[in-house]
Amino acid sequence: MKNIAVLGAGTMGNGIAHTFAQHGYKVQLIDVSENALNKGLATISKNLERMVAKEKITETQKQETLANISTFTSLEAGVEYASLVVEAATENLELKLKIFNDLATYCPDDTKLATNTSSISITQIAAATNCADRVIGM
């Protein structure tokens, strides 16, 4: 499991993408907005720079982390090779149900589909797919 797709480049999504990328995973950061992707990458870069300044990581590690992240505005293209998808979209039931229905269509058959929801039933989200056994909460 080395290809991780993260849906949503906001606060949660860019933090999740940062963590996976820093630990050597290839991350496909996906958002509907190019502007949101740019802001997400800027936040990740700023956070890494702070870590370099505190001598928690080296400049080389910062660059390697950033190199592990690719951005996509197309869900289908972004999840094509994902072993794990982590959804961190807005807490909107209709949106999440649509996302998971699309993920069930676009992802490889063995991809784990994780939601980062804090208020929506994971069972309800899983039921919107034809692969409820692959849907998890995190």
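The residues of the chain are indexed from 1 along the displayed sequence. Just so we're clear, the structure is a prediction, and the values are computed from it rather than from any experiment.
Looking at every heavy atom in both residues, Gly10 comes nearest to Asp31 through N-OD2, 4.5 Å. Smallest separation of non-hydrogen atoms from Ile44 and Ala17: CD1-CB, 4.4 Å. The heavy-atom pair separating Ala126 from Ala132 by the smallest distance is O-CB, 3.6 Å. Minimum interatomic distance between Ala36 and Ala9 (heavy atoms only, all atoms of both residues): O-CB, 3.5 Å. Residues Ala88 and Ile16 approach most closely at CB-CD1, 4.3 Å, considering heavy atoms. In terms of heavy-atom proximity, Glu94 sits nearest to Asn92 at N-OD1, 3.1 Å.
Inter-residue side-chain proximity for Ser45 and Lys62 is flagged as met; some heavy-atom pair is nearer than 4.5 Å. Put simply, the side chain of Glu59 reaches to within 4.5 Å of the side chain of Glu49, judged on heavy atoms. Within the 4.5 Å cutoff, side-chain heavy atoms of Leu48 are placed close to those of Ile57. Residues Lys56 and Arg50 form no side-chain contact, since every pair of their non-hydrogen atoms from C-beta on lies 4.5 Å or further apart. Taking 4.5 Å as the limit, some side-chain heavy atom of Leu37 sits within range of a side-chain heavy atom of Leu29. Side-chain contact check for Phe20 versus Leu84: some heavy-atom pair is nearer than 4.5 Å. Contact of the Thr111 side chain with the Ser83 side chain is not registered, since no non-hydrogen atoms from C-beta on lie closer than 4.5 Å.
For the residue pair Thr115/Glu87, the side-chain donor-acceptor check at 3.5 Å is satisfied.
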In sequence, state the C-alpha distance, the side-chain angles, and the governing distance for Thr73 and Val32, and then conclude on side-chain contact (heavy atoms from CB on, under 4.5 Å).
-> CA-CA 5 Å; Thr73 54; Val32 294; over 6 Å; no
Quick one: do Gln22 and Met51 satisfy side-chain contact (heavy atoms from CB on, under 4.5 Å)? Show the steps, please.
-> CA-CA 11 Å; Gln22 188 174 340; Met51 293 175 79; 3.3 Å; yes
Tell me, with the steps shown, if Glu91 and Lys96 meet side-chain contact (heavy atoms from CB on, under 4.5 Å).
-> CA-CA 8 Å; Glu91 288 293 289; Lys96 288 188 187 284; 3.1 Å; yes
Determine, stepwise, if the pair Gln28 / Ser70 fulfils side chain to side chain donor-acceptor pair (under 3.5 Å).
-> CA-CA 5 Å; Gln28 295 80 46; Ser70 302; 5.5 Å; no
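In this structure Lys39 satisfies the salt bridge (charged side-chain N to carboxylate O under 4.0 Å, His left out) test with no other residue, sequence neighbours excluded. Scanning for side chain to side chain contact (heavy atoms under 4.5 Å, CB included) contacts around Ala21 gives Val27, Thr65, Asn68, Ile69, with sequence neighbours left out.
Rounded to the nearest 0.5 Å, atoms CG (Asn14) and NZ (Lys46) are 9.5 Å apart. Atom OG1 of Thr71 and atom CD of Glu34 lie 5.5 Å apart (nearest 0.5 Å). From Lys2, atom NZ reaches atom NZ of Lys26 across 9.0 Å, with rounding to the nearest 0.5 Å.
Annotation: Asp109, atom CG; neighbour count of heavy atoms from other residues, nucleotides and ligands within 6.0 Å does not exceed 12.
Through direct or relayed side-chain contacts under 4.5 Å between Ile, Leu, Val, Met, Phe, Trp and Tyr, Ile125 connects to Leu7, Ile30, Phe72, Leu75, Val79, Val85, Leu93, Leu95, Leu97, Ile99, Phe100, Leu103, Tyr106, Leu113, Ile120, Ile122, Val135.
Residues Ile4 and Met138 fall within the same hydrophobic cluster, defined by Ile, Leu, Val, Met, Phe, Trp and Tyr side chains chained together at heavy-atom separations under 4.5 Å.
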